[in-house]
Structures are given as structure tokens and as C-alpha cells.
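These notes concern the structure reproduced below.
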Amino acid sequence: MEKIKSSIKKLILLLINCCVLILTFFIPKTDRIIIVGGWFGERFADNSKHFFLNVFNNKYKLNISKIIWITRDEQVFKELRENGFLVFKVWSLLGIWYHLRAKYHVIDQTLSDINPFFSVRSKRINLWHGFPLKKIGIYMKNNHIRKPQYGTLKWTIDKITFKGCWFDYYLLATSEFSAEIIGRAFEISKERIIISGYPRNYEPFIENPFIFITENERIYRNRIQGFIDKGYKAVGYFPTFRDKKETLIFGTKDLKELNKFLDFCEKSKLKVVGKFHFAGKKDSFNGADEHDAFINLPSDADVYTFLSQIDILITDYSSIYYDFLLWKKPIIFFPYDLEYFKNEDRGFIYDYDDFTPGDKVVNCAQLQSLLVDGVDSYSKMYFTRYKDKANKVARKIFVDYENMGIEHLISQIRK
């Protein structure tokens, strides 16, 4: 019965793809139009957002006539439109028109970031959202990596019976090493991988970066800046999610322990800027976000809006620390459940210690002891201990990141 349902679904998708294919012969594609979407069409964030903004700011230099954001979210649609950007809903007539006109369809999560039904005959590109530390894709299933058989009859059938032909797409990676890891995770061959920088990492290397901050994020950014102007240091706390249980803030449910640490932070003029991963549905800050020393960012906020304000990063297994390396600031790792995460939850693609340049702590007392002399003092100590390792990890993953801006990425896409 399941095989019959699958066959019927493939047949329907084949018919839809054929209809769209016919449409594209009457509506010519142009490489001067790009459509972009992100996170199931629900957020304006991450690599897709920063790609969109950087192309928009350099349209004439890049010979792009239109860069268009596609969304399913009413608030995103309204705010981008009010600020002069081209934005359309996935099923709007103009949205469909530009899907058919655009040669390049760009996402960073899944094909439903845009309207995938109208991606036939386009160049489909997934920017993805980070080089992984924890297991993703095929690594979560088994160790057997199947090499894609491009051009075979089976591959061709899979492509033409897949929504918008998204079975065949290009994937962004940041280095040859990254390409090998990401390619295996998604079973993508080297020929389908574009090597360039992540758009969300351009800011540290652009003299006058083009920054657009949503109204919701602006409130928090201004609040943080207000404290910075008063002499506070901002400590970013961005843990990742667990598949099988909730993430504990600083590894504990003991509010007394949390408040003791946050009291120390407030006395030391430290503000903890916290945000859980939006995939962690059951995660909560357990009341700590009510403390004066804690600033809880909205769950849908783009954390990259705030990295320039962060003086020191604390995380556990989130890949955000790779990007933070490029800001040349200290990182503390808080793997309070390392053995559990490694053996019972998501697990790691490679050795945790080899790729984490920074001190490891597992409770508030240990963290406090590192910060007791202040962020500036710890920063000096951090770079004395970890500068070489941090640079080595950054170069391994991002290679020539200073020279891989938007012009480089667009040129690689056009190739």
C-alpha cells in the first residue's frame, strides 16, 4: 500500500513538473533575478537573510536587477515591504511569476523556504546554516555514505519526480574540508558543492556593512547597547538543542545556583545575552531570564544581529562558535552533559576536544572562576592559551574567508 501511495505521489509530482517545464518555455529565465527564502518561509535570518541584504546592497556591481525575498510569514512580508525590499508570499501571483523568471533559487534550510513547485529549470542552491560539530544528515543514520550516481537512469527519475526537481541542487561549503563533511552529510558530490564564505560571516570583514535590523531585534540591540555604553560587557550564551530532552540553562535547574551566578554577573557589570536554539521546543530559561543580569532574545531573532556586541561567547555544541572565531573574541565551552550528548543524543562527527579551542566548564562555579577578574583579563588569558588553536580551526573550516565575500559567492554560483 505504501509503495502504491509513493508511486502515485511521484506520478503527480512528475505531471506538475512537466506543466511547470512547459510554462518556463514561455516565460524565459534570467540570471539577473534571484529569489531567496529561509527557515520554512517563516523567518528573516541566517545565511539567506545576509545573502539577500548583501546582494541588494551590491546589485549594480553584481549585475543583478532584482533580488526577491519569498515568505510565508505575514510579519516578515509586511516589514520588508515597508522598508523598500521586494518581497512576496509563496502563493502570490507575482511570487510565482518571479519564481518562473529567476534563474537562481536560494534557500538555507529546506525547499519549502520558497515555493519549490516552480523551481524547475532553475539553478537550485542551498546555503545551509553552518558547519556542523554534531551529527547531521546521513551521519545520524549510519556510517555508510552512498555516492550520488549523477546522470544514471535512477538519478534522473528521482530528479524529475521530486518537487520542483529539488533532488538536484547545489550546496554551499566554506572550504575543501567543509565540503567533504557537508557533502557526506547530504550525499552531495563534489561537483555539486560551491566553495565560498557564509554570508552571515561577512560583517567582520566589510568596512561599511549593510545592516538591516527588524523592529523586534532593534529593541533588544538598543537595550544591549545601552548597557555597553554604561560600561557593561555582553556575554553571549547560545546553547544548542537536545533531541531527546530539554537543554538546561548553565547545566542546572537549581534557580538558587543560577541566581548566585547572575548576581555575580550583575555585580561585575556583565550582562548575559541568552537565546536557546529555536529547534529546542521544550527548552526554557527556568526563571533566570527574570534576573536583571539576563537579556533573553526572542526565539525567532537572528542571533548574528548581535554578535558584534558580544564580548565573549559561551556555548556547548552549537556551530555558532565557528563563526564567532572570525570575530577574534574568546569562547568558553559549557558541555555539562558531554557523555550523554556524545553517546545517547545527537553525537559528534569528529572529536569534540580537537575542534573546540577554549576552556571547558560544567557548572556555574567553574564558569564564575574564569570570569572573576573580568572579561578583559580573561580575553588576554584566552588568546595566550588558545590563539594558535583558534586560528587553526578557523582556517581549516573557512580557509580564505577574508576574500570570500558576496562578489566571490555570486561568481562561484554563476560558474
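The minimum heavy-atom distance linking Arg414 with Tyr104 is given by the pair CG-OH, 3.4 Å. The two atoms that bring Lys360 and Gln366 nearest to each other are O-OE1, 4.4 Å, heavy atoms only. Looking at every heavy atom in both residues, Lys163 comes nearest to Pro116 through CD-CG, 3.4 Å.
Salt bridge annotation for Asp337-Arg242: present, with a cationic side-chain nitrogen under 4.0 angstrom from a carboxylate oxygen.
A donor and an acceptor atom, one from each side chain of Glu257 and Thr252, are located under 3.5 Å apart. In this structure, a donor-acceptor pair under 3.5 Å is absent between the side chains of Ser196 and Gln412. With no hydrogens or angles considered, no side-chain donor-acceptor pair links Tyr198 and Asp323 at under 3.5 Å. Side-chain contact of Asp113 with Gln109: a donor-acceptor pair under 3.5 Å is absent, judged by distance alone. Between Asn57 and Asn54, the side chains place no donor N or O within less than 3.5 Å of an acceptor N or O (distance only, hydrogens not considered). No donor-acceptor contact under 3.5 angstrom links the side chains of His50 and Asn201, judged on distance only.
Here Ile312 contributes atom CD1 and Phe324 contributes atom CZ; the two are 8.0 Å apart, rounded to the nearest 0.5 Å. Taking CG of Leu270 as the start and SG of Cys265 as the end, the distance is 5.0 Å to the nearest 0.5 Å. Separating the SG atom in Cys165 from the CG atom in Asn17 is a distance of 4.5 Å, to the nearest 0.5 Å.
Using cut-offs of 30° and 60° for the angle between ring planes, the Trp91 and Phe118 rings count as perpendicular. Aromatic ring orientation, Phe355 versus Phe177: parallel (interplanar angle below 30°, classes split at 30° and 60°).
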